[in-house]
Q: 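Have a look at the structure that comes next, please.
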Amino acid sequence: MTTLTPEYRQWLAELKARYRQVQLKAAVAVNTAMLQFYWELGTDMVAKQTQFAWGSGFLRQISADLMREFPEVKGFSKRNLEQIRRWYSFWNASPAIAQQAASQLMGIPWWHHVTILTKCKQPDEALYYVQATQTYGWSRSVLTHQIESGLWQREGKAITNFAQTLPAVQSDLAVQLLKDPYQFDFLSLTPEHTERELETALIEHVTQFLLELGAGFAYMGRQVPLQVGERDFFLDLLFYHARLHCYVVVELKTVDFEPEFAGKLNFYLKAVDEQLRREGDQPTIGLLLCKSKDRLVAEYALSDMQKPMGLATYNLSHTLPEALRGQLPSIEQLERELGLDAAGGDDSGEAGGLGYEF
């Protein structure tokens, strides 16, 4: 049969790919047109309310009239019209954005805009997330996570020696690559966690770890062996960065930063450059992740290192130590102290319970 020939299957695959591209282009075009309409609608609502002094019932009226005409369109609800007016007013207050709204704001979906508007107070911060969403294609859940983790405040804040060890163009990009602190709130470790426990937990949650590291990182391995002379050394974590075209060595320290950590990482970077780096690869970069740091000590330590490296701290969501857990009252003890029966009932006769979590 014709449908079984390799030529037909190849042609069918090409047709599917081409149609998906058309679908994507159509979706982008529809989104852009809708956002342009929302911008003009916001302009009209603000101008006409000012011109005619229409009161608070104006939005309710225009919502009802538009929904009567277009019942299948959800975007004309009173709540969404309020969002549109707020969106327009927020960006219109920034002259640089208002003059070029189409080129700067129309590249991401509407509900991404609503998320940004809800969670960001400053135009600079909001524009950062608009541009990052457009660049990296974040879903709304990823965008929400990035805003709530304070990515805008953390990006580019790590201490580095990139200006002294990398060409200017790569140095600027590498600085933005690192952040401080890193948020590992997807991990649950005790305050007494070891470096190996931290390393294992990060790899067990490698998807979240890569999301926190940022776009462009490819995981290459853990405890990667390197032989120098007669001795074996092991890199905690090894990545390759697609935009920087270089290896990135991540060393984990569960204690405060000490100057000797930089010297050891410098040694590792030299070994990776000699043994793993290939033609076309840029110089290997190192990242030290420590529990905490003294900024001046860190700057001193990194300033004379010959290899490019950065230093940042990390935050965790801790579970309680085992020893402390044994000293906490049980649920039954708490219920007895509060005068509740074992079933957790109350005077209304409804089954209940104390939702304590430790």
Side-chain angles (χ1 to χ4, degrees), residues 15-153 211:
L15 283 177
K16 291 178 180 179
R18 280 155 50 191
Y19 185 71
R20 289 192 184 99
Q21 290 178 349
V22 170
Q23 283 183 309
L24 179 59
K25 290 180 180 178
V28 170
V30 168
N31 180 73
T32 300
M34 186 188 71
L35 289 177
Q36 186 65 51
F37 174 79
Y38 279 0
W39 184 264
E40 294 169 358
L41 177 58
T43 305
D44 288 348
M45 287 191 293
V46 170
K48 292 187 181 301
Q49 273 196 291
T50 301
Q51 181 181 359
F52 300 111
W54 288 338
S56 58
F58 159 66
L59 285 182
R60 188 178 300 107
Q61 181 65 50
I62 190 63
S63 172
D65 290 340
L66 289 173
M67 290 180 71
R68 189 180 302 111
E69 181 68 22
F70 307 103
E72 74 285 356
V73 178
K74 298 179 180 179
F76 293 140
S77 68
K78 178 176 178 290
R79 178 174 177 79
N80 201 54
L81 291 180
E82 290 172 343
Q83 298 280 18
I84 292 170
R85 183 175 62 179
R86 183 182 170 207
W87 177 65
Y88 166 78
S89 298
F90 179 86
W91 289 115
N92 191 55
S94 176
I97 301 299
Q99 294 172 6
Q100 301 179 0
S103 63
Q104 299 188 65
L105 301 179
M106 306 304 173
I108 67 174
W110 168 242
W111 288 107
H112 285 63
H113 277 293
V114 173
T115 299
I116 292 170
L117 198 64
T118 301
K119 296 181 177 295
C120 298
K121 305 303 180 186
Q122 304 176 47
D124 287 350
E125 179 184 10
L127 184 60
Y128 167 86
Y129 288 112
V130 169
Q131 293 172 340
T133 299
Q134 189 165 357
T135 299
Y136 304 120
W138 287 340
S139 66
R140 191 143 57 102
S141 60
V142 170
L143 169 64
T144 300
H145 168 79
Q146 300 289 25
I147 297 175
E148 292 180 348
S149 70
L151 178 62
W152 180 66
Q153 293 87 346
L211 176 62

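Here, residue 1 is the first one in the sequence, and each next residue gets the next number. All figures in this text were calculated on a predicted structure; none of them were measured in a lab.
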Q: Looking at His113 and Gln83, would you say the former's side chain and the latter's main chain have a donor-acceptor pair under 3.5 Å?
A: no
Q: Take Leu105 and Leu35 through the side-chain contact (heavy atoms from CB on, under 4.5 Å) test and state the conclusion after the steps.
A: CA-CA 8 Å; Leu105 301 179; Leu35 289 177; over 6 Å; no
Q: Report the relative orientation of the aromatic rings in Trp138 and Tyr129; use parallel for angles under 30°, tilted for 30 to 60°, perpendicular for over 60°.
A: tilted
Q: Would you give the length of the straight line joining atom CG of Asp65 to atom CZ of Phe76, rounded to the nearest 0.5 angstrom?
A: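 That separation rounds to 11.5 Å.
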Q: Between OG1 of Thr144 and NE2 of His112, what distance do you get to the nearest 0.5 Å?
A: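 Spacing of OG1 (Thr144) from NE2 (His112) equals 8.0 Å.
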Q: So, Asn31 side chain and Gly107 main chain: donor-acceptor pair closer than 3.5 Å or not?
A: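 Side chain of Asn31 to backbone of Gly107: no pair is present.
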Q: Please find the pair of heavy atoms, one from Phe90 and one from Ala126, that lie closest to each other, and give the distance.
A: CE2-CB, 3.8 Å
Q: To the nearest 0.5 angstrom, please state how far the CD atom of Gln104 sits from the CD atom of Gln134.
A: 10.0 Å
Q: Name the orientation class of the two ring planes belonging to Trp54 and Phe52 (parallel below 30°, tilted from 30 to 60°, perpendicular beyond 60°).
A: parallel
Q: Apply side-chain contact (heavy atoms from CB on, under 4.5 Å) to residues Leu127 and Trp91 and explain how you reach the verdict.
A: CA-CA 9 Å; Leu127 184 60; Trp91 289 115; 3.9 Å; yes
Q: What closest approach, in Å, do Val46 and Ser89 show between heavy atoms, and which atom pair accounts for it?
A: CG2-OG, 3.7 Å
Q: In Å, rounded to the nearest 0.5 Å, how long is the span from CE of Met34 to CH2 of Trp39?
A: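 Spacing of CE (Met34) from CH2 (Trp39) equals 14.5 Å.
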Q: Atom OH in Tyr38, atom CG in Leu81: separation rounded to 0.5 Å?
A: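 Rounded to the nearest 0.5 Å, the OH-CG separation comes out at 8.0 Å.
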Q: I want to check something: taking the side chain as every heavy atom from C-beta on, are Val130 and Ile108 in contact at a cut-off of under 4.5 Å?
A: yes
Q: Who pairs with Glu40 by salt bridge (charged side-chain N to carboxylate O under 4.0 Å, His left out), at least two apart in sequence or on another chain?
A: none
Q: Nearest 0.5 Å, please: how far is NZ in Lys16 from CZ in Arg18?
A: 13.5 Å
Q: Are Arg140 and Thr133 packed together at the side-chain level, in the sense that at least one heavy-atom pair is separated by less than 4.5 angstrom?
A: no
Q: Show every donor-acceptor pair shorter than 3.5 Å between a side-chain atom in residues 114-122 and any protein atom, with sequence neighbours excluded, or say none if there are none.
A:
residue, atom, partner, partner atom, Å
Thr115, OG1, Trp111, O, 3.0
Thr118, OG1, Val114, O, 2.7
Lys119, NZ, Glu148, OE2, 2.9

